[in-house]
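Worth saying up front: this structure is predicted, and the values here are computed from it rather than measured.
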Amino acid sequence: MSTVQQEAGKIEQLKEHSADELEVVAGRERENLEGWIPALASDDEVREALEKAFDYRGDVTITKKDGTLIEGYIFDRRSGTSLHDSFIRIIPAKGDRAKVNVAYSDIAALAFTGRDAAAGKSFEAWVKKYWEKKAAGETNIGIEAEKLD
């Protein structure tokens, strides 16, 4: 479900471009974040790192200021006016899988520790692999997605 702000952005884009032009606009470049440990020295760095963590398709490890470690998948975030009223929501990878809320202000460190499950699995790479198999004469190949680990 789109937010009012997202819908307003779409309307603005349509004022400048036709719908067909928007369909072929290049997507955002994906960074290889696996293994990255960002510096969280300023509020802006915290916000930027957590936005990247939200877009990441693997687990991250959060170290809270009280020393608690939480490893898991960030599935939601709420950006407020300050770090105290901004939160991430994370599903822990181990133990109790109950969703956990963590205030941005409680985060001492962030590490991209899990494997990015979708890295290198773009649609273009998938279609290319299909056509290579077909050209090699393989049979019983279908257009099914690969299983993620």
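Within 6.0 Å of NZ in Lys99 there are 12 or fewer heavy atoms belonging to other residues, nucleotides or ligands.
The backbone N or O of Thr81 sits less than 3.5 Å from a side-chain atom of Asp85, completing a donor-acceptor pair. Side-chain atoms of Arg89 do not come within 3.5 Å of backbone N or O of Arg77 as any donor-acceptor pair. Between the side chain of Ser86 and the backbone N or O of Ser79 there is no donor-acceptor pair closer than 3.5 Å.
The two atoms that bring Ile70 and Lys64 nearest to each other are CD1-CD, 3.8 Å, heavy atoms only. Residues Leu69 and Thr61 come closest through the heavy atom pair CD2-CG2, 4.1 Å. When all heavy atoms are compared, the tightest approach of Ala108 to Leu40 is O-CD1, 4.0 Å. Across every non-hydrogen atom of Glu45 and Ala39, the tightest pair is CB-O, 3.6 Å. Closest approach of Phe75 to Ile90, counting heavy atoms only: CE2-N, 3.8 Å. Taking all atoms of both residues into account, the shortest heavy-atom contact from Pro38 to Ala49 is CG-CB, 3.8 Å.
A donor atom on one side chain and an acceptor atom on the other are found under 3.5 Å apart for Asp66 and Thr68.
Taken together through direct or relayed side-chain contacts under 4.5 Å among Ile, Leu, Val, Met, Phe, Trp and Tyr, Ile88 and Val100 form part of one hydrophobic cluster. Tracing side-chain contacts under 4.5 Å through hydrophobic residues (I, L, V, M, F, W, Y), one reaches Leu50 starting from Phe54; they form part of the same cluster. The same ILVMFWY cluster, assembled from side-chain heavy atoms under 4.5 Å apart, contains both Val46 and Phe112. Note on Ile107 and Phe87: separate hydrophobic clusters, where clusters join Ile, Leu, Val, Met, Phe, Trp and Tyr whose side-chain heavy atoms are under 4.5 Å apart, directly or indirectly.
At a threshold of 4.0 Å, the pair Arg47-Glu51 does not count as salt-bridged, since none of the basic side-chain nitrogens sits closer than that to a carboxylate oxygen.
Residues that satisfy the side-chain contact (heavy atoms from CB on, under 4.5 Å) test with Asp43, not counting sequence neighbours, are Leu83.
The shortest distance between side-chain heavy atoms of Ser82 and Tyr104 does not fall below 4.5 Å.
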